[in-house]
Amino acid sequence: MGKRNVIVYTSNDCTHCARVLEKLSDWNVEYEEKNISENREYFKELQSKKIYGTPATFIDGEKILGFQERKLKQALKIRSDETFFVDTDSMNFS
């Protein structure tokens, strides 16, 4: 997997921001954090994209708002560990 351009806009005291950063770290993904609470220019950058909340993650230009683990994995091409269980007792085979 090639190196991806990952930028995460965060703000202070944002639990969803912390979750995004934690997952990226767990997956050994390098990222650039731009805290809009601490840097007015980052806030203006985010507003110029018509986004007014955090977290806002950009992976190779693809925008993911909030904490959406499945979308983050898809954008990063990380295989999900989830398996699907099919309850055959509730299926109708007739």
Side-chain angles (χ1 to χ4, degrees):
M1 177 170 73
K3 186 170 171 23
R4 302 201 177 279
N5 180 23
V6 180
I7 299 170
V8 185
Y9 289 88
T10 63
S11 56
N12 293 342
D13 302 319
C14 169
T15 57
H16 293 296
C17 299
R19 290 178 70 194
V20 169
L21 298 178
E22 180 183 340
K23 284 296 180 184
L24 292 175
S25 293
D26 288 350
W27 299 328
N28 296 316
V29 174
E30 290 183 32
Y31 60 87
E32 178 182 0
E33 180 182 1
K34 294 188 174 187
N35 187 312
I36 67 169
S37 299
E38 297 174 5
N39 187 320
R40 184 106 178 116
E41 289 305 311
Y42 295 155
F43 180 68
K44 288 179 184 177
E45 273 180 35
L46 197 56
Q47 281 187 320
S48 74
K49 300 173 188 295
K50 306 282 190 237
I51 300 171
Y52 302 96
T54 57
T57 306
F58 291 84
I59 301 171
D60 295 332
E62 180 181 341
K63 171 180 61 179
I64 301 170
L65 301 178
F67 176 73
Q68 299 185 63
E69 185 173 345
R70 189 172 0 149
K71 284 190 176 185
L72 290 168
K73 280 184 170 182
Q74 286 174 343
L76 292 165
K77 302 199 182 338
I78 294 173
R79 200 173 131 213
S80 180
D81 295 336
E82 299 171 10
T83 57
F84 295 97
F85 174 75
V86 178
D87 183 359
T88 56
D89 291 340
S90 65
M91 297 177 75
N92 183 357
F93 292 99
S94 54

Are [X] and [Y] side-chain neighbours, meaning at least one heavy-atom pair lies under 4.5 Å?
X: Tyr9; Y: Lys49; value: yes
X: Asp26; Y: Leu24; value: no
X: Tyr31; Y: Val20; value: no
X: Thr57; Y: Ile7; value: no
X: Glu30; Y: Val6; value: no
X: Phe67; Y: Lys23; value: yes
X: Val8; Y: Glu32; value: no

Distance from [X] atom [atom1] to [Y] atom [atom2], nearest 0.5 Å?
X: Leu46; Y: Phe58; atom1: CG; atom2: CZ; value: 6.5 Å
X: Lys34; Y: Thr54; atom1: NZ; atom2: OG1; value: 14.5 Å
X: His16; Y: Ser11; atom1: NE2; atom2: OG; value: 10.5 Å
X: Gln74; Y: Glu62; atom1: CD; atom2: CD; value: 8.0 Å
X: Leu65; Y: Lys71; atom1: CG; atom2: NZ; value: 8.0 Å
X: Ile64; Y: Arg70; atom1: CD1; atom2: CZ; value: 12.0 Å

Review point. If only atom types and distance count, is the side chain of Asn5 paired as donor or acceptor with the main-chain N or O of Asp60 below 3.5 Å?
Key: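 Answer holds: no.
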
Practice item. I would like to know whether Lys77 and Arg4 meet side-chain contact (heavy atoms from CB on, under 4.5 Å); could you show each step before the answer? Key: CA-CA 10 Å; Lys77 302 199 182 338; Arg4 302 201 177 279; 3.4 Å; yes

Review point. In this structure, which one of Asn35, Thr10, Ile36 forms a side chain to side chain contact (heavy atoms under 4.5 Å, CB included) with Cys17?
Key: Thr10

Exercise for review: Could I get the full list of side chain to side chain contact (heavy atoms under 4.5 Å, CB included) partners for Glu41, not counting sequence neighbours?
Suggested key: Asn39, Lys44

